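Excluded from the calculations below are hydrogen atoms, water molecules and symmetry mates; all remaining heavy atoms, backbone and side chain alike, are included. Lettering of chains follows the sequences in order, A, B, ..., and the numbering in each one begins at 1. Bear in mind that the values here come from a model prediction, so they are computed numbers and not experimental data.
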Number of protein chains: 2
Amino acid sequence: MSENTRKSYVSAQQVADLAGVSRSAVSRTFTDGASVSKSTRTKVLAAAEALGYHVNHLARGLIRERSNIVCLIAADINTPYQSRFIETLTRRLQAADKVAMLINTTGDTGVEPALRQTLHYRADASIVLSGQPAVSLIDTCLHNGQRVIVVNRDDDIEGPQSVSVSNTGAARNALHMLKRAGCKRMAIVSSRVGTASLVARETAFAEAAREEGLPVDAVHIGATSYASGAEAARQLLSRAERPDGAFCVTDLLACGFMDVARHEFGLRIPEELCVVGFDDIEQAGWSAYELTTFRQPIDDITAHIIALVTQGPEEPPAPPASFEAQPVWRRSVRPR
Amino acid sequence: MSENTRKSYVSAQQVADLAGVSRSAVSRTFTDGASVSKSTRTKVLAAAEALGYHVNHLARGLIRERSNIVCLIAADINTPYQSRFIETLTRRLQAADKVAMLINTTGDTGVEPALRQTLHYRADASIVLSGQPAVSLIDTCLHNGQRVIVVNRDDDIEGPQSVSVSNTGAARNALHMLKRAGCKRMAIVSSRVGTASLVARETAFAEAAREEGLPVDAVHIGATSYASGAEAARQLLSRAERPDGAFCVTDLLACGFMDVARHEFGLRIPEELCVVGFDDIEQAGWSAYELTTFRQPIDDITAHIIALVTQGPEEPPAPPASFEAQPVWRRSVRPR
DNA sequence: TCAATTTTTGCACAGCTGTGCATTTGATTC
DNA sequence: GAATCAAATGCACAGCTGTGCAAAAATTGA
């Protein structure tokens, strides 16, 4: 007999029948602020418990304005920085009674189909953590009343809310750290991926170096990964005039860079080579690295994102928000 | 004039009106295998493009059996192992035309409300990556026709499909690795979190050591994290008779353990201390660690999960699947 | 006890789609 | 040009819920 009940989900009508009330009463029992008497409420709850009823949020989203679904569009989810971001974001979204749909744009699926997917599911908002969505598609989203929040992209796309970390100040600061440590020849370690924030860090650092009259060598290798940082070190450190100060635009690159510098070139850090990273991923604090870097204020950023997501549609769009990355002094740069 | 169109989503009816066809034609245009003439199809597509129409998957899920939503219930998402798992899983789910809902059970939200959430959204399946869902709730899921897939839990819960890595064989193998390397005093580094697979690894290792007549010291500290591994090293290595071979039930623990062993106790690895880990996270391959460990066959596991998710409801449930963790030799254990 | 007021309840509709069925359109054949 | 058949189309219903509105019930006050 339990076989035929297994077929499908239990609906509010079945609960109403069992409880001997109308379906409206069931609906009202599970709607905050609706008017139901105590006695029917308990009857309904008992019937729902017995049948294993759960409100169908898909149908509810059909009626209401909000589906309570928020899409996260991200690539390189297994990266320490991204995964921490996603962890924090999902936790806070849940606290705000939202549920996160995670769309991975790593493989063949680009950002476009991902963003289209969010429209299919009537998401309240889409948070773009990586990649560059086409403006036309963003327009479609906004046109359909869906919020689009773009994280860490400096480019000023008209329409979407944007949240970013100010890269320039921190990158300039990085140069001055290295200069004060006595470094004479600078290096920039970056990837081929032309992410806006990475490019911004690089150019700000290079410009500051030019102002100070310090030579800069920049390498761009593959993805923004440990392996790329390692390869960059092999290229940079085997040159005749090797750099003695390196700015890695990402901590992950810095880890690879430091490992090769130490284990393949036998260099001591920070005595012979100073390294500055960016992001303050967990590994930066591991005693194998003790990396001096800049901390992305993930708590502040995510808090602001949550505010954007939960604000009413009539409120005016907030101006692009920018947060400062704070320096974290460890031991990969010589003290003054 | 564009202000009032911004209000809400565009529906199939609007597209039909603009294209001059019936709403059914619109629906059929976006349904695979439905019968529509070429001319109306193009008319509909043009109108849809002009209005920015996207099929409402929420309403579609109301009609069809499957919502194409798959829920991932996970904790410690920012952990290297979990994030890699999630990355692979989301990618493959998307390739199978599913979309992943990520539910984070790290904070105050436990597994129970998470699993209940999956019922609310009529998920096709729930994949439980962490935590122990109550049997009654799993029953409710199955009763409602929702698949539940439990990953890496050894306990035999009746009902849900389960996929796991066989821990015992690998753990016994770990002991023999250390024994062949000449280690005399064994240590087990684990956490207080009594995850089934961690406990299984520990007990298997301990039993194998007992069979070989080798002494074993086990420590359990806090979460399964780098910091716990570090603290474990401080406790174990300051003892009078310190161990010379350590089995860390997780690579993350191993990283913390190795760092403290080297930088606080000045021990050389593998000359004075051999370390074996588990999982083969990315950091295990970094040259700061070169950790000998056991690789979780994530590709095989996720492939099997996808097969479970996409199989028809009438097919018989597959038996619990178990995969072997393969040893990965690096340099944290002395060669024979 | 009765009138007035508030609370509760049920009805019916809206929200958006997929699909069976009958009907119409178009093509093909003689 | 008529007949036959396949393909395409529109209608109407189902699927599950939230909510305005009117009716019913319960409460309050005198």
Self-check item: Residue mapping more 5' on DNA chain D - nearest nucleotide basis, B:Ser35 or A:Gln13
Solution: B:Ser35
Practice problem: Quickly work out the A:Leu62 CG to C:dT17 P distance and round it to whole Å. | Solution: 8 Å
Quiz item: Under 6.0 Å between the ring centres of A:Phe30 and A:Tyr53?
Solution: yes
Practice problem: To the nearest Å, give me how far apart CG (A:Leu58) and P (D:dG18) are. | Solution: 12 Å
Exercise. Give a yes-or-no answer on whether the side chains of B:Arg41 and B:Thr29 include a donor-acceptor pair shorter than 3.5 Å.
Key: no
Exercise. Would you mind reading off the distance between B:His57 atom NE2 and D:dC16 atom P, rounded to a whole angstrom?
Key: 19 Å
Quiz item: What nucleic acid atoms does A:Tyr53 come within less than 4.0 Å of, heavy atoms only: base, sugar-phosphate, or nothing?
Solution: sugar-phosphate
Quiz item: Whole Å only: how far is the OH atom of B:Tyr9 from the C1' atom of C:dA14?
Solution: 19 Å
Scan nucleotides 19-24 of chain C against the protein and return all N/O pairs shorter than 3.5 Å with their distances rounded to 0.1 Å.
from, atom 1, to, atom 2, distance (Å)
C:dG20, O6, B:Arg28, NH2, 3.4

Quiz prompt | A:Arg60 side chain near D:dT17 phosphate (N/O to OP1/OP2, under 4.0 Å) | solution = no
Exercise. Write down the distance between CG (A:Leu51) and C1' (D:dC16), rounded to a whole number of angstrom.
Key: 16 Å
Quiz item: Do NZ/NE/NH1/NH2 and the carboxylate oxygens of A:Asp124 and A:Arg147 come within less than 4.0 Å?
Solution: no
Quiz item: Please give, in whole Å, the distance from C:dC16 C1' to B:Phe30 CZ?
Solution: 14 Å
Quiz prompt | Euclidean distance, B:Asp76 CG relative to B:Leu129 CG, rounded to 0.5 Å | solution = 11.0 Å
Quiz item: Among the nucleotides C:dG18, D:dT17, C:dC16, which one has an atom lying closest to any side-chain atom of B:Val55?
Solution: C:dG18
Quiz prompt | Note, B:Phe85 side chain near B:Ile77 side chain (heavy atom, < 4.5 Å) | solution = no
Quiz prompt | Between C1' of C:dC16 and NE2 of A:His120, the distance in whole Å | solution = 15 Å
Quiz item: Within the pair A:Thr40 and C:dT9, is there a side-chain N or O less than 4.0 Å away from OP1 or OP2?
Solution: yes
Practice problem: Verify the distance criterion only: is there a donor paired with an acceptor across the side chains of A:Glu87 and B:Asn104 at less than 3.5 Å? | Solution: yes
Quiz item: Should we count CD of A:Gln13 as having more than 12 external heavy atoms under 6.0 Å?
Solution: yes
Exercise. Report the distance from atom CG of A:Asn56 to atom P of C:dG15, rounded to the nearest whole Å.
Key: 18 Å
Practice problem: Describe the nucleic acid contact of B:Ser37 in one word from base, sugar-phosphate, nothing, applying a heavy-atom distance below 4.0 Å. | Solution: sugar-phosphate
Exercise. Could you tell me whether A:Val26 contacts a base, only the sugar-phosphate backbone, or nothing, with contacts defined as non-hydrogen atoms closer than 4.0 Å?
Key: nothing
